[in-house]
Protein chains: 2
Amino acid sequence: MSLDQLRYFVAVAEEENVTRAARRLHVSQPPLSRRIRELEGELGAPLFTRTPRGVDLLPAGRALLEHARSILREVDRSVDVVRATAERDG
Amino acid sequence: MSLDQLRYFVAVAEEENVTRAARRLHVSQPPLSRRIRELEGELGAPLFTRTPRGVDLLPAGRALLEHARSILREVDRSVDVVRATAERDG
DNA sequence: CGGGCTTACGGTGTGCGTAAATATC
DNA sequence: GATATTTACGCACACCGTAAGCCCG
């Protein structure tokens with residue numbers, strides 16, 4: 001599982017649609033779809049159901065969404081903290 | 001910044017020595033050294049000072065170490081939660 | 001010299017984009 | 001037929017390991 005995969009997942013979960021998420025992420029849709037499937041494969045659990053209009057979050061997907069957001073937030077914060085610390089203490 | 005980079009960083013920080021960290025991670029030392037340098041480059045801040053015996057954590061490195069451990073813990077926990085949720089709710 | 005970090009280099013695998021296929025309304 | 005996801009395919013980039021180089025006690 002990679003941070004990119006989590007970012008991809010969050011976008012798809014928020015858009016509930018792979019095509020729109022791909023546009024938002026500035027990547028093409030087939031690789032995005034594939035990486036979501038790979039993520040589901042790694043976790044051993046489906047995260048979405050596929051519908052004619054897009055995708056719907058399953059309970060496991062909703063659980064991951066919270067965690068993914070939290071992880072990505074902490075990553076961003078870490079970068080800020082490290083830079084600020086380097087700035088301050090040389 | 002990738003999760004692998006954070007795992008590599010944590011090992012080097014704990015061992016205070018790239019060679020030992022490489023053994024622990026079952027990777028060879030040159031790529032490990034390079035990825036640490038790349039991480040420093042991405043962050044725009046050095047994380048270690050190089051010494052004849054190995055490496056010493058700088059303040060920015062100590063700050064990152066805490067965050068990295070926390071992030072990696074949350075990643076592991078997320079996997080558990082997602083699997084448990086999928087198990088429970090089908 | 002010995003131990004450690006770094007640079008050089010070649011190979012492999014992962015991830016992307018385009019194009020074609022499949023499915024549902 | 002339109003909109004959406006998935007599969008096929010070829011290519012580029014990232015990462016690794018081996019080998020060689022560099023620095024300091």
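FYI, side chains are in, hydrogens and waters are out, and symmetry mates aren't considered; it's all heavy atoms of this structure. Below, read A as the first sequence line, B as the second, and so on, with proteins coming before strands; counting in each chain starts at 1.
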*Indicate, with a heavy-atom threshold strictly under 4.0 Å, whether A:N17 touches base, sugar-phosphate, or nothing.*
sugar-phosphate
*Residues touching DNA chain C, which here means a heavy atom under 4.0 Å, drawn from residues 19-26 of chain B*: B:T19
*Whole-Å distance separating the CG atom of B:L39 from the P atom of C:dT6*: 13 Å
*Let me know the distance between CD of B:E38 and C1' of C:dT7, rounded to the nearest Å.*
13 Å
*Electrostatic pair B:R34:B:E40 at N-O distance under 4.0 angstrom*: no
*Using only side-chain N and O atoms of A:Q29, determine if any of them is under 4.0 Å from OP1 or OP2 of D:dA4.*
no
*Quick one: are B:E15 and B:R23 in side-chain contact, heavy atoms under 4.5 Å?*
no
*On DNA chain D, check which nucleotide each of A:P31 and B:S28 is closest to and give me the residue with the more 5' one.*
A:P31
*Whole-Å distance between D:dT5 P and A:I36 CD1?*
11 Å
*asked:* Nearest to the B:R35 side chain among D:dT6, C:dC5, D:dC16, which nucleotide is it?
replied: D:dC16
*Which heavy atom of B:V75 sits nearest a heavy atom of A:M1, and at what distance?*
CG1-CE, 3.4 Å
*Grab the two heavy atoms, one from B:A68 and one from B:V10, that are nearest each other, plus how far apart they are.*
CB-CG2, 3.7 Å
_Can you measure B:L47 atom CG to C:dC5 atom C1' for me and round it to whole angstrom units?_
16 Å
*Nearest heavy-atom neighbours spanning A:R77 and B:H67*: NH2-CE1, 3.9 Å
*asked:* Between A:S2 and B:T51, which residue's closest nucleotide on DNA chain C lies nearer the 5′ terminus?
replied: B:T51
_Categorize B:F48 for me: base, sugar-phosphate, or nothing, with a 4.0 angstrom heavy-atom threshold over every strand shown._
nothing
*For atom CG of A:L32 and atom P of C:dT18, their distance in whole Å*: 14 Å
*Nearest-Å distance for atom pair CG/P, residues A:D56 and D:dA4*: 14 Å
*Write down the distance between CE (B:M1) and C1' (D:dA14), rounded to a whole number of angstrom.*
18 Å
_Side chain of A:P30, heavy atoms from C-beta onward: which of D:dA19, D:dA4, D:dT7 has the nearest atom to it?_
D:dT7
*Between B:D4 and B:R7, is there a salt bridge with N-O shorter than 4.0 Å?*
yes
*With a non-hydrogen cut-off below 4.0 angstrom, is B:P52 in contact with a base, only sugar-phosphate, or nothing?*
sugar-phosphate
*Quick one: B:R34 CZ to C:dA8 P, roughly how many Å, whole number?*
11 Å
*Salt bridge present between B:R69 and B:E14 (N-O < 4.0 angstrom)*: yes
